[in-house]
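In each ligand, atom 1 is the first atom listed, and ligand 1 is the first ligand listed. In this text the structure is predicted, and so the values were computed from the model without any measurement. Numbers here simply count residues along the sequence, with the first being 1.
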Amino acid sequence: MSEYYHSVTLDKEKCMGCTNCIKHCPTEAIRVRNRKAQIIDERCIDCGECIRVCPYHAKIAVTDPLSVLDNYAYKIALPAPTLFGQFKNLKKCDKVLSALKKLGFDYVFEVAKGADIVTELIRDKLDITDIKKPLISSACPAILRLIQVRFPNLLDHLVRVESPMEIAAQLAKDELHKKTGIPKQQIGAFFITPCAAKMTSIRNPIGNEASHVDGAISILDVYGPISSYLKIPDNTEKQQRATAAGLNWAVTGGEGQALGIDNYLSVDGIQNVIPVLEEIENNKMSELDFFEGLACAGGCVGGPLTFENGYVAKNRIRLLAKGLQNSPPDDTELEYVKSNLEWKLQKNIIEKPVLKLDQDIVTAIQKMEAMEQINRNLPGLDCGSCGSPSCRTLAEDIVRGNASEMDCVFKLREKVKMLAQEMVELSDKMPAGREDRKRNDNS
Ligand code: SF4
Ligand code: SF4
């Protein structure tokens with residue numbers, strides 16, 4: 001596995017080089033060169049912002065097709081809580097769970113149930129006094145990567161508990177194995193995902209060697225077939241086990257509310273999360289117990305792979321949650337998880353700074369000085385027409401050898417003007433030619 005797997009990719013054919021996406025990328029991971037966008041692997045956090053803003057649909061999220069199920073003898077669906085907010089007039093989540101079985105899954109296990117358990121595991125951490133506060137949620141993989149790339153000083157604040165998806169996958173495989181005797185290697189567990197970042201976190205997990213989830217299928221790919229099944233009346237048996245609190249993890253504030261603490265802050269939309277992380281980094285929020293940042297507007301309901309408007313989905317989740325009980329997992333269940341599952345992150349989450357200009361510190365300082373010098377000579381308009389998101393990033397690209405000053409249209413214009421001027425001056429100094437002499441003699 002390469003160090004950087006990304007679900008978000010570019011369809012080069014469709015890209016028109018309009019530069020729309022470069023300004024919206026929170027980690028300055030996109031450049032437009034030779035009229036085509038390029039994603040810088042080490043900077044991209046798979047937040048999906050560029051998918052949302054590309055007018056030509058040239059940015060796409062690669063997820064597994066439904067045909068991937070054919071590779072496994074037994075298949076488990078792990079629906080994200082957000083899935084239930086996609087369907088009009090849905091009274092109970094059970095119908096969606098049944099529809100997933102009709103789609104080819106043998107077993108379903110709600111990730112919202114995983115969220116119920118994770119809530120309790122995090123609650124334990126909140127009581128530990130020597131943990132850096134605020135504790136920062138690690139539920140959104142795009143925010144996790146953002147912290148690795150832009151806020152490495154905050155890595156110690158992260159909740160070191162597995163995500164609800166990973167807990168749900170382990171519990172589901174355990175259950176199916178116990179019920180049927182099917183070896184776990186023959187069971188495939190698939191997350192029904194609202195976002196690209198989850199796909200990336202399955203292929204390239206943070207804080208663990210490998211994921212317990214075998215793939216991710218986009219909500220967009222199952223929306224149509226599930227909607228058709230929902231139209232067929234049936235007597236669906238009760239299957240749902242998640243509580244209202246688990247279901248609410250789909251929306252901003254759901255995790256904080258589930259924890260039942262007062263002193264938490266929830267922020268959605270990656271451009272809103274960044275200034276809050278800056279504040280936390282500057283020690284301005286040390287009185288806060290818990291911070292929940294979600295990359296998409298409204299939380300996972302606003303994910304780029306969802307069908308329904310995020311606000312509509314949020315309201316539906318609220319209505320569905322009203323009909324559910326709010327009894328947390330009991331002690332036996334929690335004890336089982338703690339004794340039998342991998343519920344803590346096993347590996348250190350390492351920083352992935354992208355601003356390092358060179359491995360050698362002296363060379364890095366020299367390059368930084370050169371970059372500052374170049375930046376001072378650029379117009380400072382951050383217009384993006386050079387294909388870099390700002391003048392500073394163009395200066396950085398020049399120092400890294402990936403761009404030239406002439407990529408700046410203003411610099412190019414200056415240079416053309418200067419050359420034109422030089423040509424005029426040169427032509428004035430040139431000795432008169434035969435034609436000129438003849439013209440002069442005749443006059
Ligand atoms: S928004 Fe980005 S990816 Fe889409 S066409 Fe414009 S440059 Fe290409
Ligand atoms: S997915 Fe996010 S981080 Fe990656 S290139 Fe697109 S906007 Fe930038």
List ligand 1 atoms under 4.0 Å from [X], heavy atoms only on the residue side.
X     : result
Pro55 : 1 (S)
Cys21 : 1 (S), 2 (Fe), 3 (S), 7 (S)
Leu10 : 3 (S)
Tyr56 : 5 (S)

Side chains of [X] and [Y] in contact at under 4.5 Å (non-hydrogen atoms):
X      : Y      : answer
Ile274 : Pro26  : yes
Val96  : Val108 : no
Leu259 : Thr119 : yes

Would you mind telling me which of Pro164, Cys300, Ser163 makes a side chain to side chain contact (heavy atoms under 4.5 Å, CB included) with Val111?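 So the option named by the test is Pro164.
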N, O or S from Cys15 under 2.8 Å to atom 2 (Fe) of ligand 1: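 Checking atom 2 (Fe) of ligand 1 against Cys15, no N, O or S atom falls under 2.8 Å.
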Which protein heavy atom lies closest to [atom], and at what distance to 0.1 Å?
atom                    : answer
atom 5 (S) of ligand 1  : Met16 N, 3.3 Å
atom 3 (S) of ligand 1  : Lys59 NZ, 3.6 Å
atom 6 (Fe) of ligand 1 : Cys18 SG, 2.2 Å
atom 2 (Fe) of ligand 2 : Cys47 SG, 2.3 Å
atom 4 (Fe) of ligand 1 : Cys54 SG, 2.3 Å

Is ligand 1 under 4.0 Å from a heavy atom in the side chain of Lys36, in the backbone, in both, or in neither?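 Contact part for Lys36 vs ligand 1: neither.
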Between Cys50 and ligand 1, which part of the residue brings a heavy atom under 4.0 Å of the ligand: side chain, backbone, both or neither?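 For Cys50, there is no contact with ligand 1 at all, from either part.
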Quick check on contacts: which atoms of ligand 2 are under 4.0 angstrom from a heavy atom of [X]?
X     : result
Ile45 : 3 (S), 4 (Fe)
Cys44 : 1 (S), 3 (S), 4 (Fe), 5 (S)
Thr27 : 3 (S)
Ile30 : 5 (S)
Glu49 : 7 (S)
Asp46 : 1 (S), 4 (Fe)

Rounded to the nearest 0.5 Å, how far does OG1 of Thr393 lie from CZ of Arg400?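 So the CZ of Arg400 and the OG1 of Thr393 are separated by 11.0 Å.
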Quick one: does Glu292's side chain have a donor or acceptor within less than 3.5 Å of a partner on Ser137's backbone?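 Checking the backbone N and O of Ser137 against the side chain of Glu292, no donor-acceptor pair under 3.5 Å is found.
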Between Ser7 and Val62 (side chain of the first, backbone of the second, donor and acceptor by atom type, cut-off under 3.5 Å), is there such a pair?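 It does hold such a pair.
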Closer than 4.0 angstrom, basic N to acidic O: yes or no for Lys132 and Glu281?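 No.
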Are any of the side-chain nitrogens in Asp106 or Lys101 under 4.0 Å away from the carboxylate oxygens of its partner?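 Answer for the salt bridge query: no.
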Metal proximity, His24 vs atom 6 (Fe) of ligand 2, N/O/S cut-off 2.8 Å: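 No - counting backbone and side chain alike, His24 has no N, O or S atom under 2.8 Å.
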What I want to check is whether the side chains of Lys95 and Gln239 have a donor and an acceptor closer together than 3.5 Å.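 No - no donor-acceptor pair under 3.5 Å links their side chains.
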When you check the side-chain N and O atoms of Thr19 and Arg35, is any donor under 3.5 Å from an acceptor?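 Looking only at side-chain atoms, Arg35 and Thr19 do not form any donor-acceptor pair under 3.5 Å.
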Ring centroid separation for Phe307 and Tyr223, is it under 6.0 angstrom?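 Yes, they do, as the ring centres are separated by less than 6.0 Å.
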Does ligand 1 have any atom that is closer than 4.0 Å to a heavy atom of Val53?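 Checking ligand 1 against Val53, which is what was asked, there is no heavy-atom contact under 4.0 Å.
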If you compare all heavy atoms of Asp41 against all heavy atoms of His6, which two are closest, and at what distance to 0.1 Å?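 Nearest pair, atom of Asp41 first, then His6: O-NE2, 2.7 Å.
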So does Cys25 have any N/O/S atom less than 2.8 Å away from atom 8 (Fe) of ligand 2?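 An N, O or S atom of Cys25 is closer than 2.8 Å to atom 8 (Fe) of ligand 2, so yes.
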